[in-house]
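In what follows, a single structure is set out as structure tokens and then discussed.
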Amino acid sequence: MEKCRMVFSGSGGQGVITAAIILAEAAVLYEKLIAVQSQSYGPEARGGATRSDIIISDSKINYPKVIQPNVLVCLTQEAYNKFYPIVRPGGLLITDTRYVKTQRKADAVQKELPMYQTVMEKIGKPIVFNICMLGVVISMTQLLKPESIMKVLKTRIPPGFLEMNRQSLDIGMAMGDGFSK
Amino acid sequence: MEKCRMVFSGSGGQGVITAAIILAEAAVLYEKLIAVQSQSYGPEARGGATRSDIIISDSKINYPKVIQPNVLVCLTQEAYNKFYPIVRPGGLLITDTRYVKTQRKADAVQKELPMYQTVMEKIGKPIVFNICMLGVVISMTQLLKPESIMKVLKTRIPPGFLEMNRQSLDIGMAMGDGFSK
Amino acid sequence: MSENVKFLQGNEVCVEAALYSGLDFFAGYPITPSTEIAEHMAVRLPQIGGKFLQMEDEIASMCAIIGASLTGHKVMTATSGPGFSLMQEALGYAIMTEIPCVIVNVQRGGPSTGLPTNVSQGDILQARWGAHGDHAIIAMTASNHQDVFETTIAAFNLAETYRTPVILLFDEVVGHMREKLVIPEKGGIPLVERLRTSVKKGVDYHPYLPREDGRLPMSDFGGVHRYNVTGLYHDMWGFPSNNPEVVQGLHRHLVDKIINHVNQIARYKEYYLEDAETILISYGSSARSALHVVENRRTRGERLGLLELNTLWPFPYQIVREKCANAKQIIVVEMNIGQILRAVKRAVEDPERVFLANRIDGVFINPDDIRNIIRFIQGKGA
Amino acid sequence: MSENVKFLQGNEVCVEAALYSGLDFFAGYPITPSTEIAEHMAVRLPQIGGKFLQMEDEIASMCAIIGASLTGHKVMTATSGPGFSLMQEALGYAIMTEIPCVIVNVQRGGPSTGLPTNVSQGDILQARWGAHGDHAIIAMTASNHQDVFETTIAAFNLAETYRTPVILLFDEVVGHMREKLVIPEKGGIPLVERLRTSVKKGVDYHPYLPREDGRLPMSDFGGVHRYNVTGLYHDMWGFPSNNPEVVQGLHRHLVDKIINHVNQIARYKEYYLEDAETILISYGSSARSALHVVENRRTRGERLGLLELNTLWPFPYQIVREKCANAKQIIVVEMNIGQILRAVKRAVEDPERVFLANRIDGVFINPDDIRNIIRFIQGKGA
Amino acid sequence: MAVKDYIRERFFPHMWCPGCGHGIVLNSMLRAIEKLGMNKNDIVMVSGIGCSSRISGYVDFHTLHTIHGRALAFATGVKMSRPELNILVPMGDGDALAIGGNHFIHAARRNIDITAIVMNNRIYGMTGGQYSPLSGYGIIATTAPYMNIDHDFDVVELAKSAGATFVARTTTYHVQQIVDIIEKAILHKGFSVVEIMSQCPTYFGRKNKEGSAVDMLERYKKTTTPIGSKAKKENPDLIERGIFVQKEMPEYCSEYDKIIEMAMKGH
Amino acid sequence: MAVKDYIRERFFPHMWCPGCGHGIVLNSMLRAIEKLGMNKNDIVMVSGIGCSSRISGYVDFHTLHTIHGRALAFATGVKMSRPELNILVPMGDGDALAIGGNHFIHAARRNIDITAIVMNNRIYGMTGGQYSPLSGYGIIATTAPYMNIDHDFDVVELAKSAGATFVARTTTYHVQQIVDIIEKAILHKGFSVVEIMSQCPTYFGRKNKEGSAVDMLERYKKTTTPIGSKAKKENPDLIERGIFVQKEMPEYCSEYDKIIEMAMKGH
Amino acid sequence: MAKPKLKKHIINRDWCKGCGICVEFCPKKVLELDEEEKVFAARAKDCICCKLCELRCPDLAIEIETL
Amino acid sequence: MAKPKLKKHIINRDWCKGCGICVEFCPKKVLELDEEEKVFAARAKDCICCKLCELRCPDLAIEIETL
Ligand SMILES: Cc1ncc(C[n+]2csc(CCOP(=O)(O)OP(=O)(O)O)c2C)c(N)n1
Ligand SMILES: Cc1ncc(C[n+]2csc(CCOP(=O)(O)OP(=O)(O)O)c2C)c(N)n1
Ligand code: SF4
Ligand code: SF4
Ligand code: SF4
Ligand code: SF4
């Protein structure tokens, strides 16, 4: 398996870092893969675009940061403007239609999806927006099984909220479907 | 002129350090001599025997401490017991009869003088005890003129007290007289 | 999935390792990028009946753990640059009074407030010389979570063995990065417990009289032996003394107990050193970038090797000299102006072989930074 | 007797020199053996309309002088080991913000409370590396009162020239000893005054933009230019920045402005070096014992010499190397475990020539201590 | 001069979170200064480290952004060396009363003419939500995950007992009162302490289920009352707002001038 | 057990000057402990640096002689890690309230069960007579050669406002009262502050022309009065002696036990 | 002094963070947030120029200009 | 309880620093300092065993032993 290098970006409240952690944790704990997650960190770095790097692989990972992601997710305009140039040529660039108006074409498979809108329509809870995004990513990359994500979620959130997250994950999976490269 | 190395020792309240400073200052400011004064120092070193070293010379003084004094003054028993062994063979050892009972004989000219007692009888003020001791030292060593001492005192104490100090100095000079080696 | 496989932040790994070592007292004050250590301690300690204290500042935190260590507990505090500077006076007290404790400094960009959220390795020499007066110190670091775990345990073990504070010099990248950790079964890693005196009640106990083997058995405050602890020079009972023999004896003891055991204290890892023509020397997170370069050059048959230092102080001069004996070039990879570079130059023969690959702009050093230096050194230019 | 001949304690000499330099603000907290500096300042400063502040601790003292320097004053604080440790964080702030100030450390026995009333030179490397993060520093010392006077003035001059804190590392013997001082006429020793910007009101002023000559003109707080001062990495206006170019630029500037001027900053004295076979290297009070030995051996025709260092940091490597080029033996005379010894070894060719004559028992090193080492080195035994 | 003339527009929008009370403090403080018609060159703002302390970067005065907890010590040096300047020292609750507590009580004791403003959000915002000495018993924070057992200081009582000669408290809901109190505090000759309860929706609010910034302001409205109000007598739990102390006492810098006089008289 | 059984005789005569009040504090403290019949192994004395702090070297308890101003921080670590021990923390006025002021107010705020004794001689004795935060306006010290312009803290008021649950004051003249108060302070569960005015004839006395130790004790007798006495009403300048605060409040260590319970319940 | 009359609400969309404080505490409910969570004057004519929005805005993003 | 009767004043001359506190505050003026400035019981028979000297001695140098 090639190392998969991903960057999730957006704004503080959107939970991109949480999504990154869930993804990497799922890979490590439930898919016997090796993963490293890191972030441009911290409350003192408040404001501006948040970014989290994830590398998933079946072999040892030394350098933990991502320079050229083959999967780049941008959930705000600021994040998009800042990061779209770093996507690996031929890589995958995922944006949300509500928050990002893509301008120039990046040399990558570019997916503009109405993730936020759909989540709000079908579930109405913005908190699970990031899980929907995860659904898109795993279905597009075929990196790991949705069950693994759900297993992690079980350890992190109250039972009452699981169903909502499952739905959101499915919505994302559905949107991602057919795009798997 | 040979370097003259002196150690004044006693207890906190007796003013041996002040005496040492006055002597050295007088030598430097009013006799164009070179002098260094130092002390085993400080309030944090409270209790035990106080000691002050003075070196007076007409040539440069590098090492500022006294290892073997040729003049040693001890104003308490504790100071005597602690320091009498260091006096330079053939040197001068001055003690006060009220505070010190000398035991073994040190290889030095040993002078036991009733300085305190005389000062109390003639002046009745213990504060000038140390000045009397200075009188003894300068008359015995012929190191410098009493006027030089008085000049320093003028800069340090209120006019009202000068006379008392002058008397005490004279008492000391008188005791010292005839002993000059 | 096995209970003891975890996916954690380096800071959390440090906490789990401390608990594994038997820590049950922590006092600290929040500061980026070390804060998660305090936060995770606040959750975990009460669960095992231990105590977590958030003090009014770093000075108080350092003082509190010293007090708690004296009653017989394994203790830790954690901070970053500014807080570490504030701890220096109390750290010196722990050195002078020989009280075991572990201080974590998760390094960020300095000097001063610097770059609170960026990575740096700028406090290496402060860890060595930050406290006033002559002294020796043990300081260690690590580059990956399994090592963070083992090094933290080693820190507790060395603190007890030598009755001394031990400093863990992590950095923002290792502290905040998440990766896999496998927690060994209890007993999987040997622990050094507090060496307590065998002297019976009523018999004269000497808190500062070393045994043959150099170790000083302790007696818990509140126990049957009442003694004195002071930051003044002191005799074997712990009472102040300015007797020159006593002073010189203690002065030398404090330094020698560490530097005479440099090889026992030294922890390091070697990668492909046997035949290496170019040796990279690195530590902490920058060792990951260095290893990245080494392994990927090796696939091209280039004879690169890496010496990763886990123990920084006392500096393992002899080991470094030996390992580097046959290297054509030695490149120190670190994120400061060359703090370990100086030590390496002192260690090896013909120091002209030693080069520096560093970054001081707050950006994590990456493989290309190192590759470029190698090209330059090898005369290949940009 | 001429007005300007005085018989003073070293600590008082330091005060008189500071006043001669134009100091008019001092903040401090008492500690043996530096207390007389604060006490004498308390008497003298109000006499010239200056301000003396006794703060609640050393941290506050350091902070207060930085604030006062910003309004355009020459400032100083004074302390000893424990207080110096507490000042490290704020000292780092002054380094980062490039604010001129002078910090006196009258050294006593360490580590910790150590020996408060005894002499030591144990804080030399702390002065270099005590604050967190990479940085450079200027530190100086002296062995006699005329030198204490001149070195203190030099400290103020360098602080203004390089916009940096300067540390004066005196010791208990020099601080408490009394000897003659001749105070030069005003103007006798040139003073470097605060370099103020020529930028006019309303024109954009850059507090952190060096001129061609590398100096950074200042503007007094309360004056016509409003700007920002921060301990974060900052741009030329003083506003926070984590732009890697800006960070690296400032990082290098802070270090280079000092180490690139090592020879201009270096102050030292040579005694009989021309033909010396054995060179003693010393500084502070121990240099007096060293000179004693040298002069008294010279009378016996032995070829001894002394290199007395007044500037310790940045260490004058090149100068030491050159001066020692032809010496058979080099003996570093100091009162610690060899803090300057390391620098000398790094400086000279074939470091095997370098030996240490030291004392670490709180007793002032005396000529015999040095003579014995010389005998041993010369193979004459005890 | 308009409020905008007192700020450094190029750094806006500021770094504070949406709805952060610190922005309201900034807003009101500027209006107080505007009403006093002060000259920007006569004002020095000294701050420490924290979200609150970032305020100094946004105002167009002489600004000194120092280290955590020490702002008042730096400010003391500025004031003593240049007594004619007006010194404003905004501080977070941790900055002022955790690590900075000693400088706080000593500045008060000296009665040096500095205006200290405690932006009290009852949490460490900058480091992500640890409890502070003003959080209070029972609240939740990242370092008090079960509940906080530390009692809180009463800033007003502490400032009083330490010697502050002007002591007041209000909240970010009561903006006109902030303006009024800060005006008086600046005019007061001596050490003045103004505690302003300021919402941190991001950490304190979220952790303690106090809802949005709006909800937190509502709470300030409901849980506070003017000093000595009837409401207070009926419900002692209410927090009093207003000026608690305002007395004339010799100020430190002018006291020091007397020392200079004595010394110059060779007394 | 006799008083002598609580001391380390071999270090006597102690290092304090003739007539130093610190010796009287030592004397009375030992009698209080004797009356309580405490076991020496159950007592930890933590002190800082100063003449006063040397007291820990003379008593036969577990003794921790720490660094200047930090005794209460060390003591907090000892107490939290071994709550069953009795912790005594004697401090000088500089130690407790200059450099140590922050630890003082925070220990009080937490109401941790420690007995803090302020040996208040209104001067820095160990370093030779500089003014302290308790010296008071107008006094003379080596660092206030003209006169002191710093106002002093009222230890009682400060301790109260910070949260101490036992606060008392007396002098070295009133030895029975010292014994009585220290007894109660030790028995009190929570943070107790006992201020004992203690003469320093060597520095404070000499500099301020207060004469010998005897004269200074006479002065304590004349210038103090029991709390709320008639004399106080007639002469407000009199300093009140006695117990100002004594209230039951949850103590910090026992509060922490609740946290452990919650955490273990997996709550 | 005569009641001030509204000229316009000057809203700085780049500074507004949509916290809703001005919206909530406007006595006349003049303001609203748009879909981008920026404030706008939905019922400008109801504005009584009390300037409470201007005073309470944590971001200095809204100003009332009067005639 | 019966009035205690004096057995003797136990004075530790090595510890006594001659501060005179016990002398001054002895209600019966029993104590005096000798020429070496050490305390001694000049009028032992007047002693009423109030132990104030013992309580006030800063040097723990005087003790009242009763029968
Ligand atoms: C010496 C030191 N210790 C700790 C920190 C980390 N730190 C920065 S701000 C802060 C506290 C912030 O809380 P507060 O002062 O209440 O201000 P707020 O951010 O809530 O406005 C801390 C602990 C630091 N910068 N320096
Ligand atoms: C960090 C530090 N600063 C300063 C000192 C010096 N110092 C020792 S004791 C002391 C103050 C003594 O006064 P106080 O606490 O009132 O006790 P006292 O000696 O009067 O009994 C000072 C300033 C020190 N030891 N450590
Ligand atoms: S974290 Fe809290 S205090 Fe900091 S900016 Fe955000 S809301 Fe304001
Ligand atoms: S200096 Fe003062 S406090 Fe210190 S021992 Fe002497 S009398 Fe007591
Ligand atoms: S208060 Fe300010 S920031 Fe908040 S919504 Fe209104 S205009 Fe926007
Ligand atoms: S009180 Fe004690 S020390 Fe003082 S004179 Fe009496 S016995 Fe001696």
Side-chain angles (χ1 to χ4, degrees), chain E residues 69 96-112 132-138 143-165 167 190-191 249-267, chain F residues 69 96-112 132-138 143-165 167 190-191 249-267:
Chain E
L97 289 145
I99 191 168
N102 208 30
H103 311 303
F104 183 83
I105 58 178
H106 281 273
R109 181 175 61 81
R110 295 186 187 101
N111 192 35
I112 186 164
S132 98
L134 299 188
S135 294
Y137 187 90
T143 45
Y146 305 102
M147 78 166 206
N148 184 25
I149 59 169
D150 277 39
H151 299 283
D152 51 344
F153 284 128
D154 180 327
V155 180
V156 168
E157 286 310 313
L158 190 66
K160 263 203 247 172
S161 70
T165 49
V167 183
F191 191 71
M249 290 266 289
E251 187 276 335
Y252 201 71
C253 298
S254 28
E255 285 292 303
Y256 197 88
D257 293 339
K258 295 184 194 157
I259 297 297
I260 292 178
E261 241 175 71
M262 288 169 129
M264 286 182 157
K265 276 214 220 70
H267 163 335
Chain F
L97 289 144
I99 192 169
N102 208 31
H103 310 303
F104 184 83
I105 58 177
H106 282 274
R109 182 176 60 81
R110 294 188 188 100
N111 192 35
I112 186 164
S132 97
L134 298 188
S135 293
Y137 188 91
T143 45
Y146 305 101
M147 78 167 205
N148 184 25
I149 59 168
D150 277 39
H151 300 282
D152 50 346
F153 284 127
D154 180 325
V155 181
V156 168
E157 287 308 315
L158 190 66
K160 262 203 254 176
S161 69
T165 49
V167 182
F191 191 71
M249 292 265 289
E251 187 274 335
Y252 200 71
C253 298
S254 28
E255 286 291 306
Y256 197 86
D257 292 338
K258 296 185 196 158
I259 297 298
I260 291 178
E261 239 175 75
M262 287 169 131
M264 286 183 159
K265 277 215 220 67
H267 162 335

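Each chain gets a letter, A, B and so on, in the order its sequence line appears, and its residues count up from 1.
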*asked:* Between His106(E), His151(E), Glu157(E), who has the most heavy-atom pairs with chain F when the cutoff is under 4.5 Å?
replied: His106(E)
*Using non-hydrogen atoms and a 4.5 Å limit, figure out which bit of Phe104(E) sits close to chain F: side chain, backbone, both or neither.*
neither
*Between Pro145(F), Ala159(F), Ala98(F), Pro250(F), which has the largest tally of heavy atom pairs under 4.5 Å with chain E?*
Ala98(F)
*Are any non-hydrogen side-chain atoms of Met147(F) and Tyr137(F) less than 4.5 angstrom apart?*
yes
*Lys160(E) versus chain F, heavy atoms under 4.5 Å apart: side chain, backbone, both or neither?*
neither
*Which of the residues Val156(E), Asn111(E), Ile105(E), Asp152(E) is involved in the greatest number of heavy-atom pairs with chain F at under 4.5 angstrom?*
Ile105(E)
*Derivation of the side chain to side chain contact (heavy atoms under 4.5 Å, CB included) call for Ile112(F) and Cys253(F)*: CA-CA 7 Å; Ile112(F) 186 164; Cys253(F) 298; 4.3 Å; yes
*Least distance between heavy atoms, Tyr146(F) atom then Met262(E) atom*: CB-SD, 3.9 Å
*Hey, are Lys258(E) and Glu261(E) close enough for a salt bridge, meaning a charged N less than 4.0 Å from a carboxylate O?*
no
*asked:* I'd like to verify something: which residue of Asp154(F), Ile259(F), Ile149(F), Leu158(F) has the highest number of heavy-atom pairs under 4.5 Å with chain E?
replied: Ile149(F)
*Could you check which of Pro133(F), Gly163(F), Ala162(F) has the highest count of heavy-atom pairs closer than 4.5 Å to chain E?*
Pro133(F)
*Do you know which two heavy atoms are closest between Asn148(E) and Ser135(E), and how far apart they sit?*
ND2-CB, 3.8 Å
*How close do Ala108(F) and Phe191(F) get, heavy atom to heavy atom, and via which atoms?*
CA-CD2, 3.4 Å
